[in-house]
Amino acid sequence: MSYNGEIYNYLELRRDLEHRGVLFRSQSDSEVLLAAFVAYGVEFLTMLNGMWAFAIWDRKAARLMVSRDRFGEKPFYYFVRDGSLVFASEIKALLATGWVEREPEPAMVADFCAERVSDHTERTFFKGISQLAPGTWGWWEDGVLSPKRYWRLPDDDHESNRGDLVEEIAALLGDSVRIRLRADTPVGTLLSGGLDSSGVTCLAAERVSGRLTAFSTVNRPPPEEAAGIELVLQAHGNVELRRDEPGSETLDDELTNCLWHQEEPFADGSMLAHFRLMRLARQSGIRVLLTGQGADEIFAGYPGYLAVHLGGLIRRGQWRMAAALWRSLVTSGQRLQLASIGGYALPKTISSEIRRRRKTASVDWIADGYRRVTPEIGEGYATNGGDALNEALRASLTCRTLPGFLHYEDRNSMAFGVETRIPYLDHRLVSKVLPTPGSSKLAGGRPKSLLRSALAGKVPEPIVRRLAKQGYPAPLGGWLRAEASDRRVARLEAVRECPLIDFGAWLRRHRRFQEGNDGELPAVWRGLIVALWHARFMRQIA
């Protein structure tokens, strides 16, 4: 077996296997994983709670079984050539074979530049290199790989009782944290002060014996969300905080190394802040970290979900529910742009055409051969008059946000030999929360309403009450404007040399950005990071 990952419920599986007469020679989850395959066959995949990418050679059947975890937390890259399967955890390993041409995949470049998405398909940025899809397994036999699904996101269920549901969510989340604390090295957390990371940190602090080290990125001035950090420290005296304060030099110091480990263009500067935290964790002797990733996509935490839900109610003619939600938003001081609501209230055919035209206009700075965006990228719509919010969440989990976030989470942590674990992606929890009606997730106009209720009494009340959402802190615009002039000139030259970019069109956007137009930041950053990626991996310029 070749295996990368962690099986959190390996102790329970081990006990079951021992009752079947299996004898173990080690205490590792790797041995349990292999024994479960021998005992149960491919059905054992549904028993696993963890993150993994593995390949098992069945000597008797003379075939190879491959699999990847339900959400794709761990990578599995491969290519097929002359009847041979070559696979690895890093694309660099496949490139080192010399059997794959260094050529960009146009669709992936277009999708990233227009939609800010990556890892949303089995294709990669490298033509000819694929990745095993999350939630799949397959046999490699007679020169053919045949992937199959062993797990899918659950369908909607409108029969849930909210009172019982909140208790079940609290219990499942607590158990998810408990089994992810299993380690033979100290375990820490990432803590931003928001609800998601505070929930994980507070639940972990209750369950560890001894001190728990939390790591935070803090900017000056600190974002409002950061006030929650001190509240968590006050509530749990066994939490010790390590802070990192990245400055404008972060862009110069970290970008090249981070890109090397990421192997693909990444969406924004928060990945650089996260990269630094992984280094700090390693330097602090913490090799395992629990994070709050995934909660927004499961519990509906992004502000845009409110517009999706409200627009969906209007489109389905549920005017009374739409009016009640609007009143709740006004009362709580939340604001939504009418244009965003209207986009989701219009019939899908009209909205799709509007979005298509916007996408076309947004990539005028990409070279002609790289402008065709994948049409199947989820738009957050209910296609048959169903729950618009739940469909948007499914799109976020499978293509819009989570796949790219899991990519940078894993690559940054592995760059320093640190393992990150994600309690909110426990499949038991996802299967309980995702099918519930969108109205439950946004009850009273509160994003993550179910999670707030489940964490009430476990997380300081001001954190639970706070509705404003802030992303991972990284003032990318300020970093770009403050970088040294010689470095800026070198990067402009990299963009000029990149055949994927229409340099003249991109430069006009860059000038408007430098003059203070922050609306041009996405195009400026994506053009820059694509050019640097192309130079590093296609032209092999360090």
Side-chain angles (χ1 to χ4, degrees), residues 53 68-69 71-78 89-92 94-95 102-135 255 258-272 274-275 293-294 296-297 302 359 362-363 365-366 370-380 394-415 420 422 425 471-472 474 476 498 500-501 521-538:
R68 194 175 180 204
D69 63 72
F71 294 97
E73 295 179 57
K74 284 298 178 180
F76 191 111
Y77 295 114
Y78 71 93
S89 293
E90 292 188 73
I91 291 175
K92 290 188 288 291
L94 301 183
L95 295 176
R102 292 177 180 261
E103 186 176 351
E105 173 58 60
M108 296 298 292
V109 173
D111 290 352
F112 173 78
C113 292
E115 301 277 12
R116 193 184 180 267
V117 297
S118 58
D119 285 74
H120 56 294
T121 170
E122 294 178 37
R123 290 174 296 190
T124 70
F125 276 79
F126 298 79
K127 183 176 286 188
I129 296 179
S130 302
Q131 57 181 328
L132 195 64
L255 183 54
C258 185
L259 182 59
W260 171 248
H261 289 287
Q262 289 293 320
E263 301 182 322
E264 295 184 351
F266 51 89
D268 56 51
S270 65
M271 285 59 169
L272 300 176
H274 183 270
F275 187 73
Q293 196 73 265
D296 287 316
E297 289 83 1
Y302 297 122
K359 290 176 190 176
S362 71
V363 292
W365 50 275
I366 298 296
Y370 297 88
R371 293 184 183 179
R372 184 171 296 179
V373 178
T374 304
E376 309 90 57
I377 295 177
E379 294 183 332
R394 288 187 174 87
S396 295
L397 286 165
T398 58
C399 64
R400 277 286 172 189
T401 57
L402 187 66
F405 289 159
L406 293 181
H407 182 113
Y408 90 74
E409 181 91 53
D410 178 77
R411 306 322 185 267
N412 278 353
S413 60
M414 288 290 97
T420 53
I422 307 176
L425 289 187
Y472 204 80
L476 180 59
C498 182
L500 314 183
I501 296 173
L521 176 59
V524 169
W525 170 256
R526 293 171 199 174
L528 174 61
I529 197 68
V530 165
L532 295 176
W533 167 79
H534 186 270
R536 186 66 183 87
F537 288 97
M538 297 296 148

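Everything quoted here is computed from the prediction, not taken from an experiment. Atoms considered below: every heavy atom in the structure, side chains included; atoms not considered: hydrogens, waters and symmetry mates.
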Peer 1: Kindly say whether Ile129 contributes a backbone atom to a donor-acceptor pair with the side chain of Thr124 at under 3.5 angstrom?
Peer 2: yes
Peer 1: Would you sort out whether Ile91 and Glu264 count as a side-chain contact (heavy atoms from CB on, under 4.5 Å), showing the intermediate values?
Peer 2: CA-CA 9 Å; Ile91 291 175; Glu264 295 184 351; 4.1 Å; yes
Peer 1: What do the steps show when you test Phe112 against Trp533 for ring-ring contact (aromatic ring centres under 6.0 Å, His included), and what is the final call?
Peer 2: CA-CA 13 Å; Phe112 173 78; Trp533 167 79; 9.3 Å; no
Peer 1: Using the ring of each side chain (for Trp, its six-membered ring), is Trp525 parallel, tilted or perpendicular to Phe266, with breaks at 30° and 60°?
Peer 2: tilted
Peer 1: Looking at CG of Asn412 and CD of Gln262, how far apart are the two atoms once the value is rounded to the nearest 0.5 Å?
Peer 2: 4.5 Å
Peer 1: Just so I know, are the side chains of Pro104 and Phe126 near enough to count as touching, which here means a heavy-atom distance under 4.5 Å?
Peer 2: no
Peer 1: For residues 105-115, which residue pairs pass the side chain to side chain donor-acceptor pair (under 3.5 Å) check, not counting sequence neighbours?
Peer 2: Asp111-His120, Asp111-Thr374, Glu115-Lys359, Glu115-Arg400
Peer 1: Using the test side chain to side chain donor-acceptor pair (under 3.5 Å), find all partners of Ser118 that sit at least two apart in sequence or belong to another chain.
Peer 2: none
Peer 1: With under 30° as parallel and over 60° as perpendicular, where do the rings of Trp260 and Phe537 fit, or are they tilted in between?
Peer 2: parallel
Peer 1: I want to check something: taking the side chain as every heavy atom from C-beta on, are Leu259 and Ile529 in contact at a cut-off of under 4.5 Å?
Peer 2: yes
Peer 1: Of all the heavy-atom pairs spanning Leu476 and Gly269, show the shortest one and how long it is.
Peer 2: CD2-N, 3.7 Å
Peer 1: Would you check if the side chain of Asp69 reaches a backbone N or O of Ala53 as a donor-acceptor pair within less than 3.5 Å?
Peer 2: no
Peer 1: Say you draw a straight line from OG of Ser89 to CZ of Phe76; how long is it, rounded to the nearest 0.5 Å?
Peer 2: 8.5 Å
Peer 1: Could you report the tightest heavy-atom contact between His407 and Asp119, atom names first, then the distance?
Peer 2: ND1-OD1, 3.0 Å
Peer 1: Would you call Phe71 and Leu402 a side-chain contact if the rule is heavy atoms closer than 4.5 Å?
Peer 2: yes
Peer 1: Just checking, is any N or O donor in the side chain of Glu409 or Gln293 under 3.5 Å from an acceptor N or O on the other one?
Peer 2: yes
Peer 1: Give me the atom names and distance for the closest heavy-atom approach of Ala114 to Arg526.
Peer 2: O-NH1, 3.8 Å
Peer 1: Closest heavy-atom contact between Cys113 and Val363?
Peer 2: C-CG1, 4.1 Å
Peer 1: Any side-chain heavy atom of Pro106 within less than 4.5 Å of one from Lys127?
Peer 2: yes
Peer 1: Please walk me through it: do Leu406 and Leu425 pass side-chain contact (heavy atoms from CB on, under 4.5 Å)?
Peer 2: CA-CA 11 Å; Leu406 293 181; Leu425 289 187; 3.8 Å; yes
Peer 1: My understanding is that only residues two or more places apart in sequence, or in another chain, count here; which of them pass ring-ring contact (aromatic ring centres under 6.0 Å, His included) with Tyr302?
Peer 2: Tyr305
Peer 1: What verdict does the side-chain contact (heavy atoms from CB on, under 4.5 Å) test give for Cys258 and Leu272, after you've listed the backbone C-alpha separation in whole Å, the side-chain angles of each residue and the deciding distance to 0.1 Å?
Peer 2: CA-CA 7 Å; Cys258 185; Leu272 300 176; 3.7 Å; yes
Peer 1: If I compare all heavy atoms of Ala110 with all of Arg371, which pair ends up nearest, and what's the gap?
Peer 2: CB-C, 3.9 Å
Peer 1: Does a side-chain heavy-atom distance below 4.5 Å link Glu73 with Asp410?
Peer 2: no
Peer 1: State, yes or no, whether a side-chain contact exists between Arg68 and Gln131 at a heavy-atom distance under 4.5 Å.
Peer 2: yes
Peer 1: Can we say Lys92 and Glu263 salt-bridge, meaning some charged N sits less than 4.0 Å from an Asp/Glu carboxylate O?
Peer 2: yes
Peer 1: Mind listing the closest non-hydrogen atom pair of Met108 and Thr121 along with its distance?
Peer 2: SD-CG2, 3.3 Å
Peer 1: Do Glu90 and Pro75 have side chains that approach each other closer than 4.5 Å (heavy atoms only, starting at C-beta)?
Peer 2: no
Peer 1: Kindly determine whether His274 and Tyr408 satisfy side-chain contact (heavy atoms from CB on, under 4.5 Å), including the steps that lead there.
Peer 2: CA-CA 9 Å; His274 183 270; Tyr408 90 74; 3.5 Å; yes
Peer 1: Contact between Phe405 and Glu297 at the side-chain level, heavy atoms closer than 4.5 Å - yes or no?
Peer 2: yes
